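This report concerns only the one structure given below.
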Amino acid sequence: MRSRIFDADDLRRAHTRIAHEIVERNHGADDVVLVGLYTRGVAIARRLAEVIEGFEGVQVPVGALDVAFYRDDIALRPVQPLGPTEVPVDVSGRVMVLVDDVLFTGRTIRAALDALTELGRPRAVQLAVLVDRGHRELPIRADFVGKNLPTNEADDVRVRLTETDGPEATDGIELWSPSEARTTDKVEPAPPTGGSA
Amino acid sequence: MKHLLSIADLTRDDIEEMLVLAESFREVTQRDIPKVPALRGKVVVSLFYEDSTRTRISFETAAKRLSCDVMGFSVSSSSVKKGESLRDTVQTIEAMGIDAVVMRHSAAGAPNRVADWIDAHIVNAGDGCHEHPTQALLDLLTLRRHLGAGLDGARIAIVGDILHSRVARSDALAFAALGADVTLVAPPTLLPSTLAGWPVSVSHDLDAVLADLDVIYLLRIQRERQNEALLPSLREYTARYGLTVERAGRLRKDALVMHPGPMNRGVEIAAEVAEGPASVITEQVANGVAVRMAVLYKLLGSGASGVVGPGAVVGASGAHVEGATLG
């Protein structure tokens, strides 16, 4: 069973809000580096950078991070790298905002935190996600969230973006549930961060 | 994939998948800290019954960059000197708890036998005159970076001592698998008596094929072979089959010159050509580490069962995988 959670306009509004929150939280965008996690996180990071440039007039550097070789489930299943790690600036002393599409168990972010230690020592690391679907297995929390979405563990949350899913895809977020599944688990709301999130 | 024993075991898709993986590791090897924790805790043994510098160091570097523990084994300082058999040796090593054996042996097929005897993953690092699959993969990675993803229609000549060359066999199979048009160029005495199963054409005249080539791949003339009376003299060989400066001038402007090393400068290749703009020989060595990382990762990092359908492949962003707990 599929239900549409966000359409293209909702997604655009979420990007706009997250972009503003990032700038507000960091008192500007001068020190910010957006680093997307493959595959969709990279596209989302680019979109956020575009929005920030639109209202703040600052070109925020955008990087891409592949965490495959840092995952803790290598050898439990095939883990394929998804693209080259490319961060165009020295992140030392800057605020690095990790960007991903869906926050679930937190294991991808754990791997990302390991991967980025090899890029330098950011002043701070923050996390922006389009969807927080709950079911965390690690003590990890997002700073900026597009949508808190209660899900069952067996559900599948799919973010669709034209950049990653082809020109015929419509931007949006879908929740796919096995037919018998009921949505019971509630996501804990994220505690307020910096008065904005 | 449990073992990497020969190129002949791989499909075009297998090879291309390995090369894509190697590209990722190429990026890793170019970082300030060229090391990832992907295979932490895995133990790789390098078991070399024949001399080697580049292959052994390349494999050990690859394993260390994946955070494996590496145990070296050299025949000269081991119980092999006391007459221990290959089977006893590998079973002893396996009993210590290892995950993979990277193996070079003078006997063709030795890695296949070892694969029957022990449970660890086996990587063939050269077996007699049979195969040297990782050399072929690193050659493909090098070609791919210059010619694009496919080799369809590329004209490649492999020149030299085909008879004794495991590189020639693995390369011919690998180049042809990706669609290249492979020609073996050698005097009749340095060709196998039959080329059944080789997807190649044959020429005895380098000058006749030179001008059409996209790639010329030179093999080492093994000086020790002179004693077998297969060559009149090294000078004679160079005159007919060596890539001299003069011959290199007749290559197409964008043709590539390759050699697996170690080179006999002035025999199969002139020093000026080996260091010239058409040569990608040092790139081959650099790509060797990335390819061997890909091979070790593919064998050791692909899940305990190793039999997983494409639907279960995990992406690093992880939110779109059926039933998997990722995120």
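Nothing here was measured: the structure is a model prediction, and the numbers come from that model. Each chain gets a letter, A, B and so on, in the order the sequences are listed, and its residues count up from 1.
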**Report entry** Spacing of CZ belonging to A/Phe69 relative to OG belonging to B/Ser67, to within rounding of 0.5 Å
**Finding:** 11.5 Å
Query raised in the report: side-chain contact (heavy atoms from CB on, under 4.5 Å) between B/Arg31 and A/Thr85: does it pass, once the steps are laid out?
Result: CA-CA 9 Å; B/Arg31 294 183 191 168; A/Thr85 291; 3.4 Å; yes
Requested in this report: Give a yes or no on whether B/Ile57 atom CD1 has more than 12 heavy-atom contacts from other residues, nucleotides or ligands under 6.0 Å away.
Outcome: no
Query raised in the report: In Å, rounded to the nearest 0.5 Å, how long is the span from OG1 of A/Thr117 to CD1 of B/Ile33?
Result: 7.0 Å
Report task. Please indicate whether A/Arg121 has more than 12 foreign heavy atoms, meaning atoms of other residues, nucleotides or ligands, lying under 6.0 Å from its CZ. Result -> no
Query raised in the report: If you take all heavy atoms of B/Tyr297 and A/Val79, which pair is closest and at what distance?
Result: OH-O, 2.6 Å
Report task. Check whether more than 12 heavy atoms from other residues, nucleotides or ligands sit under 6.0 Å from atom CZ of B/Arg113, and answer yes or no. Result -> no
Requested in this report: For A/Asp9, look at atom CG and say whether over 12 heavy atoms of other residues, nucleotides or ligands are found less than 6.0 Å away.
Outcome: yes
Report summary line: Contact list (residues 3-24 of chain B to chain A, heavy-atom gap under 4.5 Å, by number) returns B/Glu17, B/Leu21, B/Ser24
Query - Whether over 12 other heavy atoms sit under 6.0 Å from B/Gln91 CD - result: yes
Report task. Heavy-atom distances under 4.5 Å only: say whether B/Lys35 touches chain A with side chain, backbone, both or neither. Result -> backbone
